[in-house]
Protein chains: 2
Amino acid sequence: MDAVFRALADPTRRQLLDNLHARNGQTLNALCAEMDMTRQAVTKHLAILEEANLVTTLRKGREKQHYLNPVPINEIAERWIGKFERHRLDALSDLKKRLERED
Amino acid sequence: MDAVFRALADPTRRQLLDNLHARNGQTLNALCAEMDMTRQAVTKHLAILEEANLVTTLRKGREKQHYLNPVPINEIAERWIGKFERHRLDALSDLKKRLERED
DNA sequence: TTAATATGCAACCATTTGGTTGCATGTCAA
DNA sequence: TTGACATGCAACCAAATGGTTGCATATTAA
């Protein structure tokens, strides 16, 4: 669990998760294309995400595919938000989004 | 949003949130009593939690009460977990907990 | 087989982070 | 008013972090 928070602490790693959320199964080079840093730096970030079990990889020949795993993120919410409180927050968030859309 | 992840990255700050989750509205000194570091260090951590809007404070005379705000944590889950997927994950998590309890 | 492509590993460096100590300020109670 | 208590602010320091460059390995395609 500790590793999950450490992994989410960095904006680059959150962007990687965003990229995978948008298109799952991307290869290292594909992910690098959207990042403004060296491939080696991205590799390090992905290693940290893997260690936190937020990303799972699958080797295909010389390529490596990366997949987002949402389970640990769900566990974060469960740590500090009671079940009923969570439903209330979701409802509030929904309302807020709907109101914003009306502008 | 950036500040939230930074705030959650540190184990001491997560413990502070746990303490507040257990008993809300605690004063600085009360929180310090459970931590193994100087008051000044705890103050810094609380400032970071406040900046992230994870903790709200209320001055009462010479004391300062601290309250947990769960809203930003809920927003984390909403970022990478689709609404339906989340219900599925909650159900899975419930099942797991129930099975663990049977041992 | 050989050249190009995809990824892996390690040493190095600037900056950030989390802790300390020391002193200042503000509020309550005698 | 004065002493005790609760908190605030700043300088300083060791360790962790995020990036780089350079080189190694493994797979595909010509």
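Naming convention: chains lettered A, B, ... in sequence-line order (proteins, then strands); numbering from 1 in each chain.
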**Asked** Using a cut-off of less than 4.0 Å, is there contact between a side-chain N or O of A/Lys44 and OP1 or OP2 of C/dG8?
**Response** no

**Complete:** Result for side-chain contact (heavy atoms from CB on, under 4.5 Å) between A/Tyr67 and one of A/Leu58, A/Val55, A/Leu20, A/Thr57 points to A/Leu58

**Prompt:** Looking at residues 20-41 of chain A, who's got a heavy atom less than 4.0 Å off DNA chain C?
**Reply:** A/Thr27, A/Leu28, A/Asn29, A/Arg39, A/Gln40

**Prompt:** Under the salt bridge (charged side-chain N to carboxylate O under 4.0 Å, His left out) test, which residues partner A/Asp36, sequence neighbours left out?
**Reply:** none

**Asked** Nearest 0.5 Å, what's the CG-CG distance between B/Asp94 and B/Leu89?
**Response** 11.0 Å

Enumerate the protein-to-nucleotides 27-30 of chain D contacts in which both atoms are nitrogen or oxygen and the separation is below 3.5 Å.
{"residue": "D/dT27", "atom": "O2", "partner": "A/Arg62", "partner atom": "NH1", "Å": "3.2"}

**Request:** Between A/His45 and B/Lys64, name the one whose nearest nucleotide on DNA chain D is closer to the 5' end.
**Result:** B/Lys64

**Prompt:** Rounded to whole angstrom units, what separation is found between the CD atom of A/Glu63 and the P atom of C/dT5?
**Reply:** 13 Å

**Message:** Quick one, B/Lys97 with B/Glu100, criterion salt bridge (Lys or Arg N to Asp or Glu O under 4.0 Å). Give me CA distance, side-chain angles, the key distance, then yes/no.
**Reply:** CA-CA 5 Å; B/Lys97 280 182 202 151; B/Glu100 284 168 354; over 6 Å; no

Cut-off 3.5 Å, no hydrogens considered: what does the side-chain donor-acceptor table look like for residues 23-35 of chain B, sequence neighbours left out?
{"residue": "B/Asn24", "atom": "OD1", "partner": "B/Leu68", "partner atom": "N", "Å": "2.9"}
{"residue": "B/Gln26", "atom": "NE2", "partner": "B/Asn19", "partner atom": "O", "Å": "3.2"}
{"residue": "B/Gln26", "atom": "NE2", "partner": "B/Arg23", "partner atom": "O", "Å": "3.0"}

**Message:** Would the distance check show the side chain of A/Thr43 and the main-chain N or O of A/Arg39 forming a donor-acceptor pair, the cut-off being under 3.5 Å?
**Reply:** yes

**For A/Arg62, all residues meeting salt bridge (charged side-chain N to carboxylate O under 4.0 Å, His left out), sequence neighbours excluded** = none

**Asked** A/Leu58 has an atom CG; how far is it from atom C1' of C/dA6, in whole Å?
**Response** 15 Å

**Item:** Near-strand residues of residues 2-19 of chain B, defined as heavy-atom separation under 4.0 angstrom from DNA chain C
**Value:** B/Arg6, B/Asp10, B/Thr12, B/Arg13

**Fill in**
Tightest non-hydrogen contact, residues B/Pro72 and B/Asn53, listed as CG-O, 3.6 Å

**Message:** I'd like to know whether CD of B/Glu51 has more than 12 heavy-atom contacts from other residues, nucleotides or ligands below 6.0 angstrom.
**Reply:** no

**Message:** Do B/Ile73 and A/Val71 sit in one hydrophobic cluster, given that two such residues count as connected whenever their side-chain heavy atoms are within less than 4.5 Å of each other, even indirectly?
**Reply:** yes

